[in-house]
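Quick notes on the structure that follows.
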Protein chains: 2
Amino acid sequence: MPRRTELLGIAAELFAEKGFTNTTVRDIADAAGILSGSLYHHFDSKESMVEEILTSFQARLFEAYDEVLASDDDPRTKLERVVRLSFEAIDQHRAEVAIYQNDSSYLGGFERFGFLAERNAQMRTMWTDLVREGVAAGVLRQDLDVELVYRFIRDTVWVAVRWYRPGGDLTHTDVADQYLSILLEGISRA
Amino acid sequence: MPRRTELLGIAAELFAEKGFTNTTVRDIADAAGILSGSLYHHFDSKESMVEEILTSFQARLFEAYDEVLASDDDPRTKLERVVRLSFEAIDQHRAEVAIYQNDSSYLGGFERFGFLAERNAQMRTMWTDLVREGVAAGVLRQDLDVELVYRFIRDTVWVAVRWYRPGGDLTHTDVADQYLSILLEGISRA
DNA sequence: GTCTATAGACCGATAGAC
DNA sequence: GTCTATCGGTCTATAGAC
């Protein structure tokens, strides 16, 4: 693995654990076993590190989403697959998802992180389209506010990064199964 | 309103908007129209400000919860009332909920904020008891993991503080209605 | 209760040797 | 690619005048 990639992985873990602003370049350098000044041989700034972490993660995530959206699956299957992909991302890219969840509000205030707002808009379009297609196909309830359902699904899926631990009792597939069951059928006894 | 209370309100808004560590004592003083040094006539430190904000909010919140739990309502009604109380808290104490959501992970690392973990444990007991009572009473599904249902409800309710805006199209009652409908019945067409 | 003034620590980032 | 050394800026907090 290239040194650059290795350093980004170390930084991502620290950003995820302590938050972007609470992580100093000295923290990152310490964890990497070098001095803080040496980091600047690899990266322009602390901000450019987190930018690279987020853009490369989001690029891969949306590539996976696009594959599902371009398929000829029915609306409900697409929605399920996109939910499962998201829990898989939490499992395999926990740090990146945590940074996205915890720090994108702060980072979004800087011009260079404008891509975060663009990706958010893309995400919103994806989910609301899926919900509307599901309603049109007659598989989802018609009496619910689509915007609210979108926020409900989005938040429910991503916020799991706060407590999900890879290698724990529940696999990401277990979590996705139960979340989809609650989302689709509710918790009331039929 | 006492000056102290006024200053805490100003600080809470800034902490909620920018995060605890991204808010400087100068930010708070500027917003209050005084100089940063003058804040220390009222408070020991920035940490003691956020501590007072969180403890007084949580004390009021759990007082309201306890009233519901001590009532003789049936399990499903209790669960609904607790959910509604939470959305009401998001409406009426938006800043405090936002700070609790965004910064308690960081703050929880300091001894003086140990009360956050205690309140989390209390919250967990409350929700899991309510879910188990609902299952025992035959009104909730028995095939779901109680811990996971608890996290699902907790996260879904509180994370709404990220997008809910008092005075917007949806009142907190509207949001609670639809959230309860999704949680209890799911989004699938019956 | 607020101001002036500043201490003392820590931060991100840079220049140049090796 | 890492180290030595350090600059300039910002932060929380303090001391004492008004």
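Here is the naming used below: chain letters follow the sequence lines, and residue numbers restart at 1 for every chain.
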Interatomic distance where [atom1] belongs to [X] and [atom2] belongs to [N] [whole Å]:
X: A/L39; N: D/dC3; atom1: CG; atom2: C1'; result: 13 Å
X: A/N22; N: D/dT12; atom1: CG; atom2: P; result: 12 Å
X: B/H42; N: C/dG1; atom1: NE2; atom2: P; result: 6 Å
X: B/F43; N: D/dT12; atom1: CZ; atom2: C1'; result: 15 Å
X: B/H41; N: C/dT2; atom1: NE2; atom2: C1'; result: 9 Å
X: B/D30; N: D/dT12; atom1: CG; atom2: P; result: 12 Å
X: B/I28; N: C/dT2; atom1: CD1; atom2: P; result: 14 Å

Worksheet item: Does A/Y40 have any ring-ring contact (aromatic ring centres under 6.0 Å, His included) partners at least two apart in sequence or in another chain, and if so, which?
Response: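 A/Y40: no ring-ring contact (aromatic ring centres under 6.0 Å, His included) contacts found.
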According to salt bridge (charged side-chain N to carboxylate O under 4.0 Å, His left out), who are the partners of [X], at least two apart in sequence or on a separate chain?
X: A/E52; value: A/R4
X: A/R162; value: none
X: B/D72; value: none
X: B/D73; value: B/R81

Discussion item. Starting from A/M1 and following side-chain heavy-atom contacts under 4.5 Å between hydrophobic residues (I, L, V, M, F, W, Y), which residues can be reached?
Written reply: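 Result for A/M1 is none, singleton.
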Worksheet item: Which other residues belong to the hydrophobic cluster containing A/V159, where Ile, Leu, Val, Met, Phe, Trp and Tyr are joined when side-chain heavy atoms lie under 4.5 Å apart, directly or via other members?
Response: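 B/V159, listed by chain and number.
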Worksheet item: Which residues within residues 6-19 of chain A lie with some heavy atom under 4.0 Å of an atom in DNA chain D?
Response: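 Per residue number, the list is empty: none.
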Item to complete: Have a look at B/I34 and say if it touches a base, only the backbone sugar-phosphate, or nothing, with a 4.0 Å heavy-atom cut-off.
Response: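 Sugar-phosphate contact only.
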Worksheet item: How does protein reach along nucleotides 11-18 of chain C, written 5' to 3' as B (base within reach of a heavy atom under 4.0 Å), S (only sugar-phosphate), or - (no contact)?
Response: BBBB----
Practice prompt. Would you list the pairs meeting salt bridge (Lys or Arg N to Asp or Glu O under 4.0 Å) in which at least one residue belongs to residues 19-39 of chain A, sequence neighbours left out?
Written response: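 Counting only pairs at least two positions apart or across chains, the salt bridge (Lys or Arg N to Asp or Glu O under 4.0 Å) contacts touching residues 19-39 of chain A are A/K18-A/D27.
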Response to the item:
Applying the Watson-Crick and G-U criteria (both distances under 3.5 angstrom) with [ ] for crossing and | for other-strand pairs, one obtains for DNA chain D ||||||||||||||||||
Worksheet item: Can any side-chain N or O of B/Y164 pair as donor or acceptor with the backbone N or O of B/H172 at less than 3.5 Å?
Response: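 Yes, the answer is positive, given that a donor and an acceptor are paired below the 3.5 Å cut-off.
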For a quick test of your reading: what N or O donor-acceptor pairs under 3.5 Å do the side chains of residues 112-119 of chain A make, sequence neighbours left out?
residue	atom	partner	partner atom	Å
A/R112	NE	A/E51	OE1	2.7
A/R112	NH2	A/E51	OE1	2.7
A/R119	NH1	A/Q122	OE1	2.9

Practice prompt. Would you indicate, yes or no, if D/dT2 has its OP1 or OP2 atom less than 4.0 angstrom from a side-chain nitrogen or oxygen of A/R3?
Written response: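 So the side chain of A/R3 is within the cut-off, an N or O lying under 4.0 Å from OP1 or OP2 of D/dT2.
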Item to complete: Answer yes or no on whether B/R154 is positioned over the face of B/Y150, meaning its NZ or CZ is under 6.0 Å from the six-membered ring centre and within 45° of the axis.
Response: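 Geometry flag: set, cation within 6.0 Å and 45°.
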